[in-house]
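To keep things clear, I will list the structure first and then write my remarks on it.
Any value given below was found using the heavy atoms of this structure, including those in side chains, with hydrogens, waters and symmetry copies removed. In what follows, chains are A, B, ... by sequence order, proteins preceding strands, each numbered from 1.
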Protein chains: 2
Amino acid sequence: MARKQLHEQVGLRLAALDQRYTTSRRSLVEVLADTDRPMTISEILAARALPQSSAYRNLVVLGEAGVVHRVVATDDLSRFELSEALSGRHHHHLICGVCGMVADMDASPRLERALAEAAKAAGEGAGFEVTDHRIDLMGSCSDCR
Amino acid sequence: MARKQLHEQVGLRLAALDQRYTTSRRSLVEVLADTDRPMTISEILAARALPQSSAYRNLVVLGEAGVVHRVVATDDLSRFELSEALSGRHHHHLICGVCGMVADMDASPRLERALAEAAKAAGEGAGFEVTDHRIDLMGSCSDCR
DNA sequence: ATTCGTGCAAATAGTTTGCAGCAGA
DNA sequence: TCTGCTGCAAACTATTTGCACGAAT
């Protein structure tokens, strides 16, 4: 999605919640749009000077607006990425167990189909309504070997 | 696995690291063997009175010994389960986005095959060596609807 | 005996929040 | 203009650690 349209979309989503699209929120969206992997708070702050509390607060708001998505890896750092609704790329993650790095990985149709089937079975069995999924491949990245 | 053999296995794994199989460690293993879902620290402490610090410390040791495994869901509570090497059940998780509950879900062969293929492709593409994976179905549990 | 584990309390790390001043629609 | 956002600092929560005592080999 072009950068301009991206901001338009974000603006709309925020407006729907009576939230303003302020400079710091725009900053956060820019940073996340510029990268191809989920970013930690410190990475975000390294890219755009911004008080931590504003970063946290705005990421919450952007999360509620469906603009950003929180990724949980294995270390205890939150990572954030643009939501798939905005990035348009359904993907999963590679997670390095040594350094904690997280990289994006494109989804495979076959995997998605198998997953949909498993989700259906799980729902029937346990009265659980599946709305989303998360697939992570764990291992070691090239820097850690 | 029978309870007695389980403790034997745990004892061996701890011994391999020059660690003793003490009463509190045995307690932790028992609690985790008695349940079918990953447990938070507070759930564990509710089941067996034990100082928090001992629980945390021993879960680290049991983790290093490959006896327990830490499960990361979406809230910021660590959850622990018996490792698959000991439980013998390869499984994935259902995670409720409302209450944070985590339940076990048996793995499906088809899903595993599709995943193995995706893992191979990812490794080739990114110089990433895949050693494990994690699949979670997110949604809402029966209690939350 | 000597090494390792325990329990308490204090420390730490990441994240959240109260409040006074500032800015966007 | 008026409601909501910002920035600072203090608060909070989950987890980790230092240290002196106790237990296991």
Side-chain angles (χ1 to χ4, degrees), chain A residues 7-8 10-32 38-46 48-65 67-81 99-100 102, chain B residues 7-8 10-31 38-46 48-65 67-81 99-102:
Chain A
H7 285 306
E8 260 169 32
V10 175
L12 286 174
R13 282 168 180 262
L14 285 172
L17 288 151
D18 288 311
Q19 300 275 359
R20 297 167 186 162
Y21 196 15
T22 63
T23 311
S24 18
R25 290 174 185 176
R26 192 173 285 261
S27 261
L28 289 169
V29 170
E30 298 253 321
V31 175
L32 296 180
M39 297 184 83
T40 62
I41 291 282
S42 15
E43 288 168 344
I44 292 172
L45 296 184
R48 306 281 162 123
L50 192 67
Q52 265 199 1
S53 63
S54 297
Y56 278 112
R57 246 189 295 232
N58 284 321
L59 286 167
V60 169
V61 172
L62 291 169
E64 286 166 355
V67 171
V68 308
H69 179 244
R70 182 179 173 162
V71 174
V72 178
T74 50
D75 51 25
D76 44 34
L77 295 174
S78 288
R79 286 161 210 269
F80 297 86
E81 64 185 7
C99 66
V102 180
Chain B
H7 285 306
E8 261 168 32
V10 175
L12 286 174
R13 281 167 180 263
L14 285 172
L17 288 149
D18 289 311
Q19 298 277 359
R20 297 167 186 162
Y21 196 14
T22 62
T23 311
S24 16
R25 291 174 184 176
R26 192 172 286 262
S27 260
L28 289 170
V29 170
E30 299 252 321
V31 174
M39 295 184 83
T40 62
I41 292 282
S42 16
E43 287 168 345
I44 292 173
L45 295 184
R48 306 281 162 124
L50 192 67
Q52 263 198 3
S53 63
S54 297
Y56 278 112
R57 247 189 294 233
N58 285 321
L59 286 167
V60 169
V61 172
L62 290 169
E64 286 165 356
V67 172
V68 308
H69 178 245
R70 182 179 173 162
V71 174
V72 178
T74 48
D75 52 24
D76 44 33
L77 295 173
S78 289
R79 285 159 211 269
F80 298 87
E81 64 185 7
C99 66
M101 179 230 61
V102 180

Can you check side chain to side chain contact (heavy atoms under 4.5 Å, CB included) on B:Phe80 and B:Val71, steps first, answer last?
CA-CA 6 Å; B:Phe80 298 87; B:Val71 174; over 6 Å; no
Base, sugar-phosphate alone, or nothing: which one does [X] contact when heavy atoms must sit under 4.0 Å apart?
X: A:Asn58; answer: sugar-phosphate
X: B:Arg57; answer: base
X: A:Thr22; answer: sugar-phosphate

I'd like to know if B:Arg25 reaches the base of C:dT6 with its side chain, counting only an N/O donor and acceptor under 3.5 Å.
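When only heavy-atom distances are counted, B:Arg25 does not reach the base of C:dT6 through any donor-acceptor pair under 3.5 Å.
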Respond yes when some side-chain nitrogen or oxygen of B:Ser54 is under 4.0 Å from OP1 or OP2 of C:dG7, and no when none is.
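True: B:Ser54 side-chain N/O within range (under 4.0 Å) of C:dG7 OP1/OP2.
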side-chain N/O B:Ser78 vs D:dT15 OP1/OP2, d < 4.0 Å
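Yes.
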Could you give me the CA-CA distance, side-chain angles and deciding distance for A:Ser78 and A:Arg70, then say whether side chain to side chain donor-acceptor pair (under 3.5 Å) is met?
CA-CA 7 Å; A:Ser78 288; A:Arg70 182 179 173 162; 2.6 Å; yes
Rounded interatomic separation in angstrom, taking [atom1] from [X] and [atom2] from [N]:
X: B:Leu77; N: C:dG14; atom1: CG; atom2: C1'; answer: 14 Å
X: A:Asp76; N: C:dT15; atom1: CG; atom2: P; answer: 8 Å
X: A:Asp75; N: D:dT15; atom1: CG; atom2: C1'; answer: 14 Å
X: A:Tyr56; N: D:dC5; atom1: OH; atom2: C1'; answer: 19 Å
X: B:Ile41; N: D:dT13; atom1: CD1; atom2: C1'; answer: 13 Å
X: A:Gln19; N: C:dA25; atom1: CD; atom2: C1'; answer: 13 Å
X: A:Leu45; N: D:dT6; atom1: CG; atom2: P; answer: 14 Å
X: A:Phe80; N: C:dT15; atom1: CZ; atom2: P; answer: 7 Å

With a 4.5 Å cut-off on side-chain heavy atoms, are B:Glu81 and B:Met39 touching?
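Counting from C-beta outward, B:Met39 and B:Glu81 never come under 4.5 Å.
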May I ask you to test the B:Val72-A:Asp76 pair for a side-chain heavy-atom distance under 4.5 Å?
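SC-SC contact between B:Val72 and A:Asp76 ruled out.
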Step by step, would you call A:Arg13 with A:Gln19 a side chain to side chain contact (heavy atoms under 4.5 Å, CB included)?
CA-CA 9 Å; A:Arg13 282 168 180 262; A:Gln19 300 275 359; over 6 Å; no
Considering heavy-atom distances to DNA chain C, does B:Ser24 or A:Arg20 have its closest nucleotide positioned more toward the 5' end?
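The residue mapped nearer the 5' terminus is B:Ser24.
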Quick one: on DNA chain C, does A:Arg79 or B:Ser53 contact a more 5' nucleotide (nearest heavy atom)?
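The answer here is B:Ser53.
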